Amino acid sequence: MLGRSRRSADDPFLLRHIGDVLDSNRLQLLKEDVNQLLLYTGCKRLVRIRHFTIGRGMNGRSKAGPGSNLTLKHVAREAGVHPSTVSRALNPATRSLVADDVVARVLQVAQDLGYRPNLLAAALRTGRSRLIGALIPNISNTLFSMILSGAAERLASAGYSLVIADVGDEPARQLELTRQFVARRIDGLILATVRRDDPLVAFCVEQELPAVLVNRAEEKRRLSAVVSDDGLAMQLAVEHLVELGHKHIAHVAGPETTSTGHLRRLGFTQAINSHKLGIEPSIEPTKSYSREEGARAAEKLLAGNDRVTAIVAANDLLALGVYDILREKGVNCPRDISVIGHNDMPLVDMISPPLTTVRISHQEIGRQAASLLLSRIQGDETVQRNVVLTPSLIVRESTAPPRKIR
């Protein structure tokens with residue numbers, strides 16, 4: 001009869017054989033318990049395990065530690081279903097094909113076991129990373145966070161994740177980061193950065209990279225876009241001021257290189273002309289959608305011009321810059337000058353005075369853009385579409401009847 005000898009839990013041979021015995025999950029054992037409670041024979045063969053301790057989930061299932069090699073088969077065995085059923089249940093895009101109670105059971109088992117899908121292997125197998133890139137010009141602008149929130153919600157329901165890059169306004173940087181996204185095998189792009197004629201759009205078309213534009217469009221319409229009706233927005237703003245009695249209305253315009261700046265300026269001019277006010281409107285362009293540019297433009301508009309009674313800004317950040325100059329000059333809003341913004345950013349109802357502004361459907365823009373992109377990725381959408389959503393005017397306390405002009 002062979003003698004028995006104890007071996008250390010640090011012995012690689014011992015640990016290898018424990019792995020052989022427990023090869024289904026290659027569970028991580030606590031070494032102190034192994035030292036105390038495993039008995040080995042002199043011929044280096046495991047004969048009995050009296051007791052061992054493994055990390056467990058709430059229901060007692062063995063939970064995998066770091067570096068474990070759990071597969072769909074392990075989840076399927078624990079859940080009592082076929083591996084293909086597990087695959088469908090874990091994929092949000094195919095989950096509807098599986099009965100609700102089975103989905104719940106599979107998700108619970110996967111959680112208890114600590115199972116995580118091997119995304120790299122899935123990407124190699126399917127040719128898709130299930131990642132969508134989003135390029136935005138300014139991550140601090142809450143307009144874009146709301147749009148991306150709607151997009152992420154829609155993408156998540158189809159099993160995709162959103163990767164966001166804050167790329168600023170430099171076309172060269174935007175193009176370089178897009179190339180990096182392509183190198184990382186993203187499946188598509190959401191672009192909030194484009195100009196009216198943008199090389200980034202040409203790059204996406206040349207690379208046959210599925211992409212969709214949000215908030216801004218480009219003149220050649222080479223990619224689908226989801227935008228708000230900028231012309232109607234300016235019409236709503238001007239009509240509101242005219243109904244209050246204003247005639248001397250000025251416009252702080254957005255950058256002419258963007259569709260929003262161009263179309264809102266055009267819409268403002270058309271709205272003023274349609275009311276036949278008999279007064280040439282004052283328009284001051286800006287180089288960027290920023291508070292600083294809004295202040296600069298407002299100061300120039302008001303310099304030597306004491307007849308302006310209202311200012312329509314191309315977005316809320318520009319309107320905040322207008323507020324800064326009015327406060328600096330001791331001009332009361334709205335008693336002396338009324339102000340209207342555009343976008344209805346969060347918290348503009350909390351400033352003093354609360355800002356009258358044009359509201360656009362931020363999250364709906366994101367949701368519809370994501371749907372267009374998913375259709376493009378799946379090959380269901382081949383024709384470029386330009387979706388235009390209807391804005392609304394939110395009247396607060398920054399507009400009032402005009403002061404009397406001497």
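Since the model is a prediction, treat every value here as computed from it, not as a measurement.
A distance of 10.5 Å separates OH in Tyr289 from CG in Leu317, rounded to the nearest 0.5 Å. Note that CD1 of Ile351 and CD of Glu397 are 10.5 Å apart. Values are rounded to the nearest 0.5 Å. Rounding to the nearest 0.5 angstrom, the gap separating the CG atom in Leu373 from the CD atom in Gln378 is 9.5 Å. Note that CG of Leu372 is 11.0 Å distant from CD1 of Ile377, once rounded to the nearest 0.5 Å. Between the CD atom in Gln384 and the CG atom in Leu223 there is a gap of 5.5 Å [rounded to 0.5 Å]. Interatomic distance, Leu389 CG to Leu232 CG, rounded to the nearest 0.5 Å: 11.5 Å.
Proximity of Arg95 to Arg88: side-chain heavy atoms (C-beta onward) are nowhere separated by under 4.5 Å. Side-chain contact between Thr309 and Arg307: absent, with no pair of heavy atoms (C-beta onward) separated by less than 4.5 Å. His82 is listed as a side-chain neighbour of Thr85, based on a closest heavy-atom distance under 4.5 Å. Side-chain contact check for Ile337 versus Leu302: some heavy-atom pair is nearer than 4.5 Å.
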Can you give each donor-acceptor pair under 3.5 Å made by side-chain atoms of residues 209-218, sequence neighbours left out, with the distance rounded to 0.1 Å?
from	atom 1	to	atom 2	distance (Å)
Arg216	NH1	Thr193	O	3.3
Glu218	OE1	Arg222	NE	3.3
Glu218	OE1	Arg222	NH2	3.0
Glu218	OE2	Arg221	N	3.0
Glu218	OE2	Arg222	N	2.6
Glu218	OE2	Arg222	NE	3.4

Throw together a table of side-chain donor-acceptor distances under 3.5 angstrom for residues 272-284, partners on residues two or more places apart or in other chains.
from	atom 1	to	atom 2	distance (Å)
Asn273	ND2	Thr269	O	3.2
Ser274	OG	Ala271	O	2.7

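A donor-acceptor pair under 3.5 Å is formed between the side chain of Ser398 and the backbone N or O of Val339. Under a 3.5 Å cut-off, the side chain of Asp229 and the backbone N or O of Thr390 do not form any donor-acceptor pair. A donor-acceptor pair is defined here as one N or O able to donate and one able to accept, closer than 3.5 Å; such a pair exists between the side chain of Tyr323 and the backbone of Pro353. Proximity of a side-chain donor or acceptor of Ser338 to a complementary backbone N or O of Ala310 within less than 3.5 Å is not detected.
Qualifying ring pair (Phe, Tyr, Trp, His ring centres under 6.0 Å) partners for Phe268, counting only residues two or more places apart in sequence or in other chains: His251. Listed by chain and number, the residues in a side-chain contact (heavy atoms from CB on, under 4.5 Å) with Arg184 are Gln180 (sequence neighbours excluded). A search for salt bridge (charged side-chain N to carboxylate O under 4.0 Å, His left out) contacts involving Asp230 returns Arg264, not counting sequence neighbours. Every residue two or more places apart in sequence or in another chain that forms a salt bridge (charged side-chain N to carboxylate O under 4.0 Å, His left out) with Glu219 is listed here: Arg196.
Pairs engaging residues 133-156 under the salt bridge (Lys or Arg N to Asp or Glu O under 4.0 Å) rule: Glu153-Arg367 [sequence neighbours left out]. Within the structure, side-chain hydrogen bond (donor to acceptor under 3.5 Å, both in side chains) contacts touching residues 133-145 (residues at least two apart or in different chains) are Asn138-Ser140. Among residue pairs with one or both ends in residues 156-175, none qualify as salt bridge (Lys or Arg N to Asp or Glu O under 4.0 Å); sequence neighbours excluded. Sorted by first then second residue, the side-chain hydrogen bond (donor to acceptor under 3.5 Å, both in side chains) pairs that include residues 202-211, not counting sequence neighbours, number zero. For residues 343-353, every residue pair satisfying the salt bridge (Lys or Arg N to Asp or Glu O under 4.0 Å) rule, not counting sequence neighbours, is listed here: Asp344-Arg359, Asp344-Arg396. Within the structure, ring pair (Phe, Tyr, Trp, His ring centres under 6.0 Å) pairs that include any residue of residues 203-246 do not occur (at least two apart or interchain).
Of the charged side-chain nitrogens involved, none lies within less than 4.0 Å of a carboxylate oxygen, so that Arg195 and Asp198 do not count as a salt-bridged pair. Remark: Glu299 does not engage Arg296 in a salt bridge, criterion side-chain N to carboxylate O under 4.0 Å.
For the residue pair Thr399 / Thr356, a side-chain donor-acceptor distance below 3.5 Å is found, with atom types taken as modelled.
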